[in-house]
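Here's the structure, in structure tokens; my notes come after.
Hydrogens, waters and symmetry mates are skipped; everything else that's a heavy atom, side chains included, is used. A, B, ... follow the sequence lines: proteins, then strands. Residue 1 opens every chain.
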Amino acid sequence: MLDKRFILENLKAVQENCDRRGVKVDVARFVDLESQRRKLQTEVEELSRQANLVSKSIGQAKDDAERNARKDEGRRLREKKEEIEEQMQRLAAEAAVIHSAMPNMTHPEAPVGGEDASKELRHGRVDVRPFGFPVQDHVALAEQHDLIDFEGGARVAGHGFYFLKNEAAILELALQQYAVDFLVREGFTPMVTPDLARGDVLKGIGFIPRGPETQIYSIENHDLNLVATAEITLGGLYAGQVIEAEKLPIKLCGISHCFRTEAGAAGRASRGLYRVHQFTKVEMFAFTLPDQSEDMHNYLRDLECEIFDGLGIPYRVLDIATGDLGGPAYRKFDLEAWMPGRGTAGEYGEVTSASNCTDYQSRRLDIRYKVKGEKGTQLVHTLNGTAVAISRALIAVLENYQQADGSILIPEALRKWVGKERIGGNGR
RNA sequence: GGUUGGGUGGCCGAGUGGUUUAAGGCACCGGUCUUGAAAACCGGCGUGGCGGAAACGUCACCGGGGGUUCGAAUCCCUCCCCAACCGCCA
């Protein structure tokens with residue numbers, strides 16, 4: 001959520017921001033409703049003040065007649081107040097709908113435009129090179145080496161689910177180990193998080209559970225939902241808390257399963273593991289002081305680069321355009337890894353993203369910090385970034401490390417956890 | 001799933017209809033004392049909205065919502081959450 005006062009004082013800038021981000025919101029209408037509501041609020045407060053005076057005077061009434069007269073007066077004031085409060089609530093309800101639709105403000109350097117306007121910032125350490133033999137996609141490779149059972153997944157849970165088998169199962173664990181090991185050395189606190197969370201936590205982070213457009217699986221008869229990312233639980237961890245400023249920044253690394261209905265996403269370039277209903281992810285999350293968040297954002301992006309450099313996978317970094325930002329993000333960087341088997345001649349596919357959500361999430365979740373010796377509390381900034389989304393990373397590993405003989409090398413960095421250097425060929 | 005007890009300021013915690021203007025403590029801030037620090041003592045100290053240049057004024061807030069009343073942290077209804085124990089269970 002944006003700060004209401006900020007919206008009132010910056011109507012034009014907020015409207016322009018919504019337009020740039022392709023969100024249809026009538027900011028002027030919100031300002032109008034909110035101004036009216038505030039006027040009524042003042043009236044209500046004046047009536048409350050009078051009613052309080054009447055209440056206090058009752059003890060001093062000299063007889064029953066006077067006492068009763070004052071009670072009548074008090075009742076009259078209360079009824080009038082309730083009437084105005086009702087109007088106020090109608091205004092507030094309409095304003096709240098507009099308010100919650102407003103996206104975060106945007107970093108001034110974020111490229112303006114739709115998806116195609118996203119700007120490439122740089123490439124990874126490893127170059128994309130021709131293979132010199134016909135490449136296979138990860139589905140074919142997995143079939144050849146008996147690594148993934150899509151049919152079995154479908155039988156048990158439907159399309160979009162799968163069993164990882166053999167080296168793929170080991171690689172899932174190895175990728176987690178690799179990412180967590182790396183992040184712990186960077187000072188992140190490792191956490192295995194709940195895979196379910198309450199509706200309020202989802203909403204605070206910016207997900208909409210149980211709507212017609214929802215991407216979230218919900219549990220029947222409970223206010224619980226399967227999380228789409230550990231961002232939800234890590235952000236929710238500090239909901240309603242006040243953090244001492246000297247403890248910031250807090251850097252957390254969460255391991256969770258992620259569940260997404262992917263409603264409406266069928267039929268696109270989503271073969272095999274690319275777009276699935278469940279996957280495992282190692283997520284980075286940070287709480288910072290407001291003036292730390294931009295540096296933290298760059299840091300998270302650079303860590304993502306280091307992780308993929310370490311795996312030896314080519315990638316590019318995108319500064320995501322305004323029209324393609326989610327609601328809470330002030331700025332977002334994506335890493336797209338080279339997937340040689342994707343499309344007709346290989347394509348980049350999104351593998352991580354890092355967002356600076358400034359105070360947009362913390363305002364709704366009520367996460368504040370307090371500076372020792374200073375009065376009051378302020379909202380923290382929150383950031384999140386993918387360390388490794390296993391399913392997509394697996395695609396990149398399998399496809400980039402395939403060899404002319406059909407075998408697949410294990411990336412050097414993962415060998416100590418996989419315990420071998422090659423799938424197929426001489427290795428098996 | 002069952003039973004019981006709980007939810008009050010940054011934290012702990014008192015408080016069963018009107019000096020609650022939310023006691024007291026911790027933490028924090030200022031001061032006295034001290035070479036310095038600690039301790040002790042004195043004073044200050046919740047959050048948010050609105051008005052105001054400010055001093056200040058005013059309203060709201062005791063898990064959420066609703067109700068009773070001139071007046072609710074306190075009484076009633078309802079929902080949520082937390083803890084402990086029991087049952088079941090990897």
For the pair made of [atom1] in [X] and [atom2] in [N], what is the distance, rounded to whole Å?
| X | N | atom1 | atom2 | value |
| --- | --- | --- | --- | --- |
| A/R37 | B/G48 | CZ | P | 16 Å |
| A/E82 | B/U69 | CD | C1' | 11 Å |
| A/L53 | B/U58 | CG | P | 9 Å |

Integer angstrom distance from the [atom1] of [N] to that of [M]:
| N | M | atom1 | result |
| --- | --- | --- | --- |
| B/G15 | B/G6 | P | 11 Å |
| B/U34 | B/C26 | C1' | 25 Å |
| B/G10 | B/G49 | P | 14 Å |
| B/C50 | B/C12 | P | 30 Å |
| B/G51 | B/C45 | C1' | 25 Å |
| B/G25 | B/G13 | C1' | 8 Å |
| B/C28 | B/A38 | P | 10 Å |
| B/U4 | B/C41 | P | 46 Å |

Aromatic plane relationship, A/H277 with A/Y217 - under 30° parallel, 30 to 60° tilted, over 60° perpendicular: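 Ring orientation, 0 to 90° scale: perpendicular.
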Check the angle between the aromatic planes of A/F30 and A/H99 and answer parallel, tilted or perpendicular using the 30° and 60° thresholds.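 Taking A/H99 first and then A/F30, their aromatic rings sit tilted (interplane angle of 30° to 60°).
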If you look at every heavy atom in A/H297 and A/R331, which pair is closest and at what distance?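 So the minimum-distance heavy-atom pair works out to CE1-O, 3.3 Å.
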What heavy-atom pair brings A/T214 and A/I216 nearest, and what distance separates the two atoms?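 Answer, listing the atom of A/T214 first, then A/I216: OG1-N, 3.1 Å.
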Which base, if any, makes a Watson-Crick or G-U wobble pair with [N], both distances under 3.5 Å?
| N | answer |
| --- | --- |
| B/U19 | none |
| B/C85 | B/G2 |
| B/C26 | B/G10 |
| B/C61 | B/G46 |

Would you say [N] has OP1 or OP2 under 4.0 Å from some side-chain N or O of [X]?
| X | N | value |
| --- | --- | --- |
| A/R78 | B/G71 | yes |
| A/R75 | B/U69 | no |
| A/R198 | B/C82 | yes |

Classify the side-chain pair A/H257/A/D195 by whether it contains a donor and acceptor separated by less than 3.5 Å.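 Side chains of A/H257 and A/D195: pair found under 3.5 Å.
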So, under a plain 3.5 Å distance rule, would you say the side chain of A/E244 forms a donor-acceptor pair with the base of B/G10?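 Not at all, since no donor on one side and acceptor on the other fall under 3.5 Å apart.
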Quick check for you: among B/C50, B/C70, B/G66, whose closest atom lies nearest to any side-chain atom of A/S55?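 Side chain of A/S55 sits closest to B/C70.
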Looking at the side chain of A/T42, which of B/C50, B/C59, B/G66 is the nearest nucleotide?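 Per side-chain heavy atoms of A/T42, the pick is B/C50.
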Which part of the nucleic acid, if any, lies within reach of A/N52 when heavy atoms closer than 4.0 Å are counted: base, sugar-phosphate only, or nothing?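 Here A/N52 touches the backbone only, sparing every base.
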Name the residue closer to the 5' end of RNA chain B, choosing between A/K56 and A/A51 according to the nucleotide with the nearest heavy atom.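 Here A/K56 is the residue nearer the 5' end.
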Which residue lies toward the 5' end of RNA chain B, A/D72 or A/R38, if each is placed at its nearest nucleotide?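 Nearest nucleotide further toward 5': that of A/R38.
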Ionic contact status for A/R90 with A/E94, cut-off 4.0 Å: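 No salt bridge links A/E94 with A/R90.
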